[in-house]
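Throughout, numbering of the chain's residues begins at 1 and tracks the sequence. FYI, side chains are in, hydrogens and waters are out, and symmetry mates aren't considered; it's all heavy atoms of this structure.
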Amino acid sequence: MATAKYPKGKDGYFQAKVWDGTYTENGVKHRVTVRTKKSCRALEEMVREMEEKVRNRDILKESKASVQEYARTWLEIYKHDVELNTKAMYRRIIDVHMDILKSVPISSIRKTDVR
């Protein structure tokens with residue numbers, strides 16, 4: 001006999017942890033709990049739907065940070081160990097070429113905008 005992919009818990013709910021497309025401050029995937037009392041199949045549908053939303057980037061963490069602020073943070077976090085001249089080049093690009101993006105929130109940018 002086949003076993004259910006998501007067994008019913010003691011509280012009567014079927015539940016699964018699903019990645020919501022974001023990361024924690026430590027760089028670990030942030031997962032949310034999806035629960036239903038209906039059935040294992042209903043939970044599988046909910047999980048599939050959530051994964052589809054992540055794939056289509058429909059779930060976005062709202063952020064008031066601008067694109068330029070995000071670029072500065074990116075430089076501090078991910079490029080902290082590069083040479084001084086390389087950092088200066090990145091800073092110049094952020095300050096000069098991304099100046100027009102200082103009022104655009106990062107959460108409003110879509111893939112098509114970048115292309």
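Applying the ring pair (Phe, Tyr, Trp, His ring centres under 6.0 Å) definition to pairs two or more places apart or across chains, none involves residues 24-47. Listed by first then second residue, pairs satisfying side-chain hydrogen bond (donor to acceptor under 3.5 Å, both in side chains) with a partner in residues 79-91 number zero, not counting sequence neighbours.
For Glu45, the side-chain hydrogen bond (donor to acceptor under 3.5 Å, both in side chains) test picks out Arg48, with sequence neighbours left out. By the side-chain hydrogen bond (donor to acceptor under 3.5 Å, both in side chains) test, Thr33 pairs with Lys17, sequence neighbours left out. With sequence neighbours left out, Lys37 forms a side-chain contact (heavy atoms from CB on, under 4.5 Å) with Tyr13. Among residues two or more places apart in sequence or in another chain, the side-chain contact (heavy atoms from CB on, under 4.5 Å) test is passed with Tyr70 by Ile106. Scanning for side-chain contact (heavy atoms from CB on, under 4.5 Å) contacts around Met46 gives Val34, Thr36, with sequence neighbours left out. In terms of the salt bridge (charged side-chain N to carboxylate O under 4.0 Å, His left out) criterion, residue partners of Asp11 (sequence neighbours excluded) are, by chain and number, Arg35. In terms of the side-chain contact (heavy atoms from CB on, under 4.5 Å) criterion, residue partners of Lys8 (sequence neighbours excluded) are, by chain and number, Phe14. Judged as a side-chain hydrogen bond (donor to acceptor under 3.5 Å, both in side chains), and not counting sequence neighbours, Glu76 has no contacts.
Using a 4.5 Å heavy-atom cutoff, the side chains of Val18 and Glu51 are in contact.
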Could you list the donor-acceptor pairs under 3.5 angstrom formed by side chains in residues 92-102, with sequence neighbours left out?
from, atom 1, to, atom 2, distance (Å)
Asp95, OD1, Arg72, NH2, 2.9
Asp99, OD1, Lys102, NZ, 3.4

Check the pair Met50 / Val32 against side chain to side chain contact (heavy atoms under 4.5 Å, CB included), numbers first and verdict last. CA-CA 10 Å; Met50 182 80 158; Val32 293; 3.3 Å; yes
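The shortest heavy-atom contact between Trp19 and Val54 is O-CG2, 3.4 Å. Here the shortest heavy-atom pairing between Ser103 and Ser66 reads N-CB, 4.5 Å. When all heavy atoms of Gln15 and Tyr6 are compared, the pair lying nearest together is O-CD2, 4.1 Å.
Placement of Val28 and Ile77 in two distinct hydrophobic clusters is found when ILVMFWY residues are connected by side-chain heavy-atom separations under 4.5 Å, directly or transitively.
Heavy-atom neighbours of Leu84 CG from other residues, nucleotides or ligands within 6.0 Å: at or below the threshold of 12.
To the nearest 0.5 Å, atoms CG (Leu43) and NZ (Lys5) are separated by 9.5 Å.
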